[in-house]
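Chain identifiers are assigned alphabetically (A, B, ...) following the order of the sequence lines, protein sequences preceding nucleic acid strands; residue numbering begins at 1 within each chain. Bear in mind that the values here come from a model prediction, so they are computed numbers and not experimental data.
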Amino acid sequence: MKFAVCVFPGSNCDYDTYYVIRDLLGQDVSFVDHNTKRLNGFDCVVLPGGFSFGDYLRAGVLASKTPLGNAIVEYAQQGGLVLGICNGFQILTELHLLPGVLLRNENMTFLCRDVYLRIENNSLPFTRRFEKDEVIRLPIAHGEGRYYVPEEDLRVMEERGQVVLRYCDENGNINPSANPNGSSHNIAGVCNKEGNVFGLMPHPERACEDILGYRDGIILWHSLVA
Amino acid sequence: MKVRVLILPKKGLLDPEGRAVKEMLLDGGFDVKDVKVGKVVELEVGEGTDIKALVERYLVNPLVEEYVIE
């Protein structure tokens, strides 16, 4: 497969993502910068974490107004696979490729720690190597990760299986104490209704090798190339 | 032409920044019922600029924010 890793001014997980795709997955990967107007010839486009354009105005909004932002929309509308991690997830909501928005964490602090997550939908190209309801552990690192979507929209999303990941406890229970940032219904990751665009706040690229203490993240990447 | 846009979190939406400021003010002994923290964007634009389009397309997210143009 040929992957693109999007680089906006302020992206800082771009090299981690590139490393996982090239060195651990053994796939072809290129960086594309924010002035890129067309995404031709790629099988998957990844928006990595970071602080695009300093997160000014709202996290992700300035990145969404770049030529690359338009190219991502065009690519996604043609059915291309798009994965947004952390700041990439924020950008995908600002591009309206994913429903909802990411707001300041409920407790106002920047969170940098591990969380448990439950796989709510394992039928996507991004999650097919996971089991349904499997509990995994990934790191989070964000100040604006509180997922919000109006309740009426959420009902439709639930019916379509668009809620892909939820914060849970070690045993897979979804409860408020397992919710690190105050997200609606513990939501940590969602997809579009077609299932080709997926965004999540945790960082799967940081959990791919034993040396880091866990490798649940690599399963997501293997799902893509399966 | 100078334009000022006031952007505030929508009513009813949790505003952690406003809550933190309110708690600090209450601790300081002030009788404060509510605090909302938003932002101001000052623009200098050409005559005939479609301010509403500019604001709605770029500056606010209508899901969670409301705005006033001055």
### Task
Assess whether atom NZ of Lys132(A) is packed by more than 12 heavy atoms of other residues, nucleotides or ligands within 6.0 Å.
yes
### Query
With a 4.5 Å heavy-atom cut-off, do Leu13(B) and Leu103(A) have their side chains touching?
yes
#### Entry: Which atoms of Val101(A) approach chain B - backbone, side chain, both or neither, heavy atom under 4.5 Å
both
### Query
So which of Ile7(B), Leu63(B), Val41(B) has the biggest tally of heavy-atom pairs under 4.5 Å with chain A?
Leu63(B)
### Task
Would you indicate whether Arg38(A), at its atom CZ, is surrounded by more than 12 heavy atoms from other residues, nucleotides or ligands within a distance under 6.0 Å?
no
Would you mind checking chain A against chain B for donor-acceptor pairs under 3.5 Å and listing them?
unit_1	atom_1	unit_2	atom_2	d
Leu57(A)	O	Lys39(B)	NZ	2.4
Arg58(A)	NH1	Leu59(B)	O	2.8
Arg58(A)	NH1	Glu65(B)	OE1	3.2
Lys65(A)	NZ	Arg57(B)	O	2.8
Arg104(A)	NH2	Glu17(B)	OE1	3.4
Glu106(A)	O	Arg19(B)	NH2	2.9
Arg146(A)	NH2	Leu14(B)	O	3.1

